[in-house]
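Okay, so here's the structure we're looking at.
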Amino acid sequence: MLGELLDREVALGELLTGVVRRIAQAMRADRGTLYLLDRAREELFSKAADLPELSEIRLALGQGVAGHVAQTGETLNVPTTNADPRFFSGIDARTGYETRSILAVPLRDSQGDLIGVVQLLNKQGGPFTRDDEMTLTALAEQAAAAVEATTLYDALFRGEAAPAGVAQGKVDSRFNRIIGESAVMQRAYDLTTRAARSEATVLIHGESGTGKELFARAVHVNSRRSEGPFVKVDCAALPESLIENELFGHEKGAYTGADARAEGKFDAAAGGTLFLDEIGELPLSAQSKLLRVLQDHTFLRVGGTEQVEADVRVVTATNRDLEQMVKEGRFRSDLYYRVRVVDILLPPLRERGEADLRRLVLHFIQSTARRHGREVPALSEGAWSRLLSYRWPGNVRELEHCIESAVVICDETVIQPADLPLPDRGAERSRAGEPGALELGPAATLEEVEREHIRRVLESVDGNRSEAARSLGIGRSTLLRKIARYGL
């Protein structure tokens, strides 16, 4: 019932509010509230609620029905609030709402620890029953799984497991599945939120591994098109001869073998969002057709003469300098200005600050350990120092792969520097003006040499992967696999 809500880069408040609303609807309750436990203050706070009158409720442990459940860990069914000493009337006094009956059950994570309370008010048609208690208990398990699957869970309930100096994530983190509260990330969140409210085209740019697809999905799931499809096209992964066919489809007889009409990605994304990743790789012929779609909201299938309406919101991403490509005549200037109505820059990990890096490391350790069924390991001081001193040329993607490898191969209690699959310190000296570039020493491994050589070839051809593959003497698909493997 609730699992489909989790895989969404939606604002956390919206995600958890959706969980509460579905539970209240299923239980035929008038209102629902999801409280989370603030252990430091020994309080409950309302993270999601049908509560138009107040922005937040805070209850001390033992205060009110929800506070009683949080204190005792027991389910509590109050068929009538009249003269029940556990009922706290202060909230009704502030809101003007009349609470007649209450059902509240504890939220427990997969370790059995209490993390909050789900509370329902005023069942339609009468008080809550014993069957309702059992149903809400089952739904609360799903709600707890929903909370545990979010980035909020790690910040609130596993922050105490962090090594010294690790800052806990903020309770009001903006998007599920996106970690970071630095000033540069707050700027990206604000632009994403504003873009999501509009129909404007969006250009997301930044180095590889900075999370461009996550932000593209965040634009979609926080927009009015969120119930429509989100369709991704990797422009770099398609041969030039097939890109137009992939985007726009073809008519029967358009070319040899076209035995029937085929729809393209613009058709598939109707009513939703089309995400064009690596838009800098689009050939000029496809750029002109894309420009027409953005201007006229119509397109022609390959071999077709009939205009097709395009009810699609377009979001694009690139790690290339499109402005420079415009100057060089490799990207249309009119298309460039059309796709960058909203321009979201994602900062490299090395510019996000130590606090963001620590949040990400802690999150990846905990999520990887859960996924692989392992005990959450600690990090030695040496490992922390190693992570903090590295430049992360592959950004968040490289960090995630690094932590997953360390969690899998460590002794299950402590991650040591040797568990981190990072180059030797002597191989990490950055060339002047080239953040993240490596000067490989004689002890460098073959993989380190290959990674750095591919990086330099890509740099020399301004990121053109087809050119880089030809220079390296390998197939384009082989190059793409190596780029993904090395987090380039």
Side-chain angles (χ1 to χ4, degrees), residues 7 195-196 198-204 212-213 215-217 219-221 223-320 322 325 330-342 464-466 469 475-477 480 484:
D7 192 26
S198 73
E199 285 287 293
T201 52
V202 178
L203 173 63
I204 305 171
K212 294 186 287 294
E213 184 175 348
F215 275 83
R217 288 183 180 274
V219 169
H220 171 71
V221 299
S223 75
R224 65 182 182 85
R225 292 179 174 268
S226 60
E227 297 305 314
F230 177 87
V231 178
K232 175 187 175 182
V233 177
D234 186 350
C235 300
L238 294 170
E240 184 174 333
S241 59
L242 295 181
I243 286 180
E244 290 185 27
N245 193 79
E246 182 76 8
L247 290 176
F248 308 112
H250 64 258
E251 296 289 352
K252 179 179 179 180
Y255 50 82
T256 302
D259 299 327
R261 189 179 78 175
E263 295 185 339
K265 298 302 186 188
F266 270 95
D267 293 288
T273 302
L274 181 65
F275 173 46
L276 300 178
D277 197 11
E278 303 289 1
I279 192 175
E281 304 292 337
L282 272 183
L284 287 170
S285 59
Q287 290 179 30
S288 63
K289 289 194 172 184
L290 175 60
L291 177 63
R292 179 173 182 174
V293 178
L294 296 179
Q295 289 176 331
D296 303 336
H297 305 288
T298 63
F299 63 92
L300 291 174
R301 294 192 178 92
V302 175
T305 58
E306 181 182 348
Q307 297 288 342
V308 181
E309 293 290 330
D311 177 22
V312 174
R313 200 265 184 87
V314 174
V315 177
T316 64
T318 185
N319 62 1
R320 303 182 68 177
L322 293 186
M325 292 178 67
R330 293 185 291 136
F331 200 86
R332 293 181 61 117
S333 60
D334 45 7
L335 178 60
Y336 173 60
Y337 294 116
R338 180 67 67 169
V339 299
R340 68 181 292 269
V341 174
V342 179
N464 188 310
R465 297 175 180 187
S466 298
R476 195 169 186 279
S477 59
L480 292 175

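Along the sequence shown, residues carry numbers from 1.
For T316, the side-chain hydrogen bond (donor to acceptor under 3.5 Å, both in side chains) criterion is met by no residue, not counting sequence neighbours. Under the salt bridge (charged side-chain N to carboxylate O under 4.0 Å, His left out) criterion, R301 pairs with E251, D267, not counting sequence neighbours. Evaluation of the side-chain hydrogen bond (donor to acceptor under 3.5 Å, both in side chains) rule for D311 yields R225 as partners, not counting sequence neighbours. Applying the ring-ring contact (aromatic ring centres under 6.0 Å, His included) criterion to F299, with sequence neighbours excluded, gives F248, F266. The salt bridge (charged side-chain N to carboxylate O under 4.0 Å, His left out) check on E263 picks up nothing, with sequence neighbours excluded.
Side chains of R313 and S198 form a contact here, defined as non-hydrogen atoms less than 4.5 Å apart. Taking 4.5 Å as the limit, some side-chain heavy atom of L300 sits within range of a side-chain heavy atom of R292.
In this structure, CG on L238 lies 8.5 Å from NZ on K265, to the nearest 0.5 angstrom. Atom NZ in K212 sits 14.5 Å away from atom CZ in R217 (nearest 0.5 Å).
Residues L294 and V314 share a closest heavy-atom pair of CD2-CG2, 3.7 Å. The heavy-atom pair separating A310 from V293 by the smallest distance is CB-CG1, 4.0 Å. Heavy-atom minimum distance, P229 versus G271: CD-C, 4.3 Å. Smallest separation of non-hydrogen atoms from V341 and A200: CG1-CB, 3.7 Å. For L274 against A269, the heavy-atom pair with the smallest separation is CB-CB, 4.0 Å.
For the pair R224 (side chain) and E199 (backbone), a donor-acceptor distance under 3.5 Å is absent. No donor-acceptor pair closer than 3.5 Å links the side chain of R340 to the backbone N or O of V202. Using modelled atom types, no side-chain atom of T273 and backbone atom of V315 make a donor-acceptor pair closer than 3.5 Å.
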What donor-acceptor contacts under 3.5 angstrom involve side-chain atoms of residues 275-289, with partners at least two apart or in another chain?
from: E278; atom 1: OE2; to: R465; atom 2: NH2; distance (Å): 2.9
from: E281; atom 1: OE2; to: R320; atom 2: NH1; distance (Å): 3.3
from: S285; atom 1: OG; to: E244; atom 2: OE2; distance (Å): 3.2
from: Q287; atom 1: OE1; to: R332; atom 2: N; distance (Å): 2.8
from: Q287; atom 1: NE2; to: L282; atom 2: O; distance (Å): 2.8
from: Q287; atom 1: NE2; to: R330; atom 2: O; distance (Å): 3.4
from: S288; atom 1: OG; to: S285; atom 2: O; distance (Å): 2.7
from: K289; atom 1: NZ; to: E244; atom 2: OE1; distance (Å): 2.9

Exercise for the section: Tell me, with the steps shown, if L203 and L322 meet side-chain contact (heavy atoms from CB on, under 4.5 Å). Expected result: CA-CA 10 Å; L203 173 63; L322 293 186; 4.1 Å; yes
